Number of protein chains: 2
Amino acid sequence: MRRMTARPANAHQARLLRLLRDGGPNSRAQLGDQIDLSRSKLAVEIDRLLETGLVAADGLAASRGGRRSHNIRLAPGLRLLGVDIGATSVDVAVTNAELEILGHLNQPMDVREGPVAVFEQVLDMAAKLRASGVAEGFDGAGIGVPGPVRFPEGVPVAPPIMPGWDGFPVREALSQELGCPVMVDNDVNLMAMGEQHAGVARSVKDFLCVKIGTGIGCGIVVGGEVYRGTTGSAGDIGHIQAEPDGRPCACGNHGCLEAYFGGAALARDAEAAARDGRSAELAARLEEMGSLAATDVAAAASAGDATALDLIREGGTRTGQVIAGLVSFFNPGLVVIGGGVTGLGHTLLAAIRTQVYRQSLPLATGNLPIVLGELGPAAGVTGAARLISDHLFSPA
Amino acid sequence: MRRMTARPANAHQARLLRLLRDGGPNSRAQLGDQIDLSRSKLAVEIDRLLETGLVAADGLAASRGGRRSHNIRLAPGLRLLGVDIGATSVDVAVTNAELEILGHLNQPMDVREGPVAVFEQVLDMAAKLRASGVAEGFDGAGIGVPGPVRFPEGVPVAPPIMPGWDGFPVREALSQELGCPVMVDNDVNLMAMGEQHAGVARSVKDFLCVKIGTGIGCGIVVGGEVYRGTTGSAGDIGHIQAEPDGRPCACGNHGCLEAYFGGAALARDAEAAARDGRSAELAARLEEMGSLAATDVAAAASAGDATALDLIREGGTRTGQVIAGLVSFFNPGLVVIGGGVTGLGHTLLAAIRTQVYRQSLPLATGNLPIVLGELGPAAGVTGAARLISDHLFSPA
DNA sequence: CCGCTTTGTCCTGCGACAGGAGAAAGTCGT
DNA sequence: ACGACTTTCTCCTGTCGCAGGACAAAGCGG
């Protein structure tokens, strides 16, 4: 199938495409209410979009008291690929133009195997999704990687947990392989975009999205746009000091947040607790599996294990301590907690909330919701699709 | 003298006015190079600006190889009032349309005396400046207050150090008194705008401006625009925790940065050091004055007093600790240190730098300048003038 | 079948604007 | 002193974007 290579010719068309993406199919009249354009001009632009195939007319809607309207919708055959590369697994999903997920695969994989091995895997998963019939090809792909990215070029820069990726031309390479436009971003930023598009952060202009996975990162949204910082490393809060002269961290400093919490630290602490005999529950799991992961702590906690609950509470408190500072500084309208450890659920959330509400300024916390992300593993891939969609739906 | 009530009629005119403000007088041809408009359209807009009196033609420039150009400049009679209300003093200045300071007054005053008393003082100072001949009236005024502001309305909200100002309609009241448009913002944001317009932060898009006065605040600039947060309290970093379970703070929490540093904390620590006999230098000053201020510590330090130097270094280290976290989070392109305690100079700066470079991520600090503001007390009033100028030079 | 409503199309006229032609006002070389 | 060239600025004309009215199409209810 031939892919849509067309792009909106002007800002009006871009605006219309985004309205259709975020608001679903719509009549000309309804679109006219949402955009500041005369009916005539609107009709012209829609006709042009129909000609280029970016949108399609799709039957008549029910009457609302008068002439029935034509439904205008985004090209039904348009397919986007969303890729979310985590430290220990890869998510790949296919969406339509409205960013609805049509197929989603997840595969464990160590990002440290390097870009070549990971891309092989990603392309294989994309092929599987194509074979399953949800897509015949891709009009664009968004991809998130667990580290800082030089955004305009789509190249990771000095990523601590994936050194082999430093300077690897992710965007160019993947674009070549897939034959479609590709955009690359930090995985945390994509999670923020996902929750903004389809999750808890809809209609919030300024918010933070804290992702607690193997490490800890934070997506920053200012005025509805992701803020990436001067060198693309904004939101890298895992190595903010949570305890002066505290535990040594892999980064070389002491007392970093990631030395106390996150998937890696939690697993390490849990194994220590199991060996020290502080938790029979965890010891049993360690015996069985040979090693422990965050999910084991989650399971032990829901089984009522006190040590597991303590580990979660302590981690949440440390995290809350750091978030409290960020809340005072940034004064967000919402804080979203997400990532792999959301399985720790409300124990974690309660600890974070307690600490933030206790420590931040009342004016900043007065009306501040702190909530779990509602998209789970779909947040990253949705954000990735959103990223490339934003790119495709901007004037050429 | 009649004031300019005219406002630019469209975005082009606004753009031209800002070019003239930031780049100084210019010929039509030079303006044409900086704006994406045809010569004809440009001429039309400039003619309209000349008609409304917003700009003036001001003689011929030297030839550059051909016909001499007419100099176009902003209305030479335009006058802006910049007001910077600090915790313990008030600055009032008059600028021309290019934001050059034509007159500047400073007066000690306690902000806690409340808005009525402070405004009386401000109006008196403005009258003095008028009487000195630098202005016959004001076309607009910008005012900074040491606390959070609901920006669109120009009203302080729950300001900790000036409780009597809560909800006082600063913008409306001052606009009534002065008979011109008024904009209100946090004093720290104005300092950031000042350094951005005429100081060290020219041409930097994303930066932080840490103001260490009586308290400690931080101006946040994202993409060239001041970020104020959801409730206007963004940048309030004085109560970020610098030490878990540390010193009690006036805010009710423990270990806040302001409990360790800032004008108030420094004075308190210096007096304690004087009484404990740790510093003969400080003790002598305490004897003489009855109390100590940050300036005394600065003086003692430049006299070589070891205790004073220690106090500054310790404060700088605490501040650097907090800034390090913000740098990791925000990844700015520049950090500006300013405010009353800049008198502490390079001892302070060195301590902050050491801590930030030691603690933040290399990627975020790699190319990060940390510098003292270069405008001193003029930063606030320049920023205030810039604030109202931005308002006046936007389409009506 | 007749009003009334909603939706969509066509047409005309206005205003924004680009870009060429040319006038005005210089410099420089001979 | 004069002509060639440059820069600056003005004027004019044609094109394009666009708003808004008139009108056609299509549906509803009585």
Side-chain angles (χ1 to χ4, degrees), chain A residues 6-20 23-74 394-396, chain B residues 6-20 23-74 394-396:
Chain A
R7 291 274 290 277
N10 57 44
H12 294 315
Q13 293 188 12
R15 183 85 203 288
L16 286 168
L17 292 173
R18 288 167 193 228
L19 283 174
L20 288 169
N26 245 321
S27 72
R28 284 173 170 81
Q30 287 173 310
L31 288 170
D33 294 341
Q34 300 172 65
I35 196 172
D36 191 27
L37 271 182
S38 66
R39 295 186 306 287
S40 34
K41 178 61 179 165
L42 178 66
V44 169
E45 295 299 353
I46 291 182
D47 285 346
R48 288 188 192 151
L49 285 172
L50 284 165
E51 272 171 42
T52 58
L54 275 165
V55 305
D58 164 33
L60 294 169
S63 165
R64 298 193 304 166
R67 176 175 170 175
R68 294 168 63 191
S69 59
H70 290 270
N71 260 333
I72 306 293
R73 58 172 306 163
L74 291 170
S394 3
Chain B
R7 291 274 290 277
N10 57 44
H12 294 314
Q13 293 188 10
R15 183 86 202 289
L16 286 168
L17 292 173
R18 288 167 193 229
L19 283 174
L20 288 169
N26 245 321
S27 72
R28 285 173 169 81
Q30 285 173 312
L31 288 170
D33 294 341
Q34 300 172 65
I35 195 172
D36 192 26
L37 270 182
S38 67
R39 295 184 308 286
S40 35
K41 178 63 179 164
L42 177 66
V44 168
E45 295 299 352
I46 291 183
D47 284 347
R48 287 187 192 152
L49 286 173
L50 284 166
E51 272 171 44
T52 59
L54 275 165
V55 305
D58 163 32
L60 293 170
S63 165
R64 297 192 304 168
R67 176 175 171 176
R68 294 168 63 191
S69 59
H70 290 271
N71 260 332
I72 306 291
R73 57 171 307 161
L74 290 170
S394 356

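Nothing here was measured: the structure is a model prediction, and the numbers come from that model.
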Legend entry - Main-chain N/O of A:A56 paired to A:R73 side chain as donor or acceptor, under 3.5 Å: no
Inset, instruction - Ignoring backbone atoms, test whether A:H12 places a side-chain nitrogen or oxygen under 4.0 Å from the OP1 or OP2 oxygen of D:dC18. - result: yes
Side-chain contact, heavy-atom cut-off 4.5 Å: [X] with [Y]?
X     : Y      : answer
B:E45 : B:N10  : yes
B:L31 : B:I46  : yes
A:L19 : A:N26  : no
B:R18 : B:S394 : yes

Nucleotide [N], atom [atom2] - distance to [atom1] of [X] in whole Å:
X     : N      : atom1 : atom2 : value
B:L42 : C:dA16 : CG    : P     : 15 Å
B:L31 : D:dT8  : CG    : C1'   : 13 Å
A:E45 : D:dG17 : CD    : C1'   : 9 Å
A:I72 : C:dT7  : CD1   : C1'   : 12 Å
B:K41 : C:dA18 : NZ    : P     : 8 Å
B:D36 : C:dA18 : CG    : P     : 7 Å
A:H70 : D:dA26 : NE2   : C1'   : 9 Å
A:D47 : C:dC10 : CG    : P     : 8 Å

Inset, instruction - Determine, for nucleotides 20-30 of chain C in 5'-to-3' order, which nucleotides have protein heavy atoms under 4.0 Å from the base (write B), from only the sugar-phosphate (write S), or from neither (write -). - result: BB-BBBBS---
Legend entry - Non-neighbouring partners of A:R67 that pass salt bridge (Lys or Arg N to Asp or Glu O under 4.0 Å), sequence neighbours left out: none
Legend entry - B:S38, nearest nucleotide to its side chain (from D:dT10, C:dG19, D:dC9): C:dG19
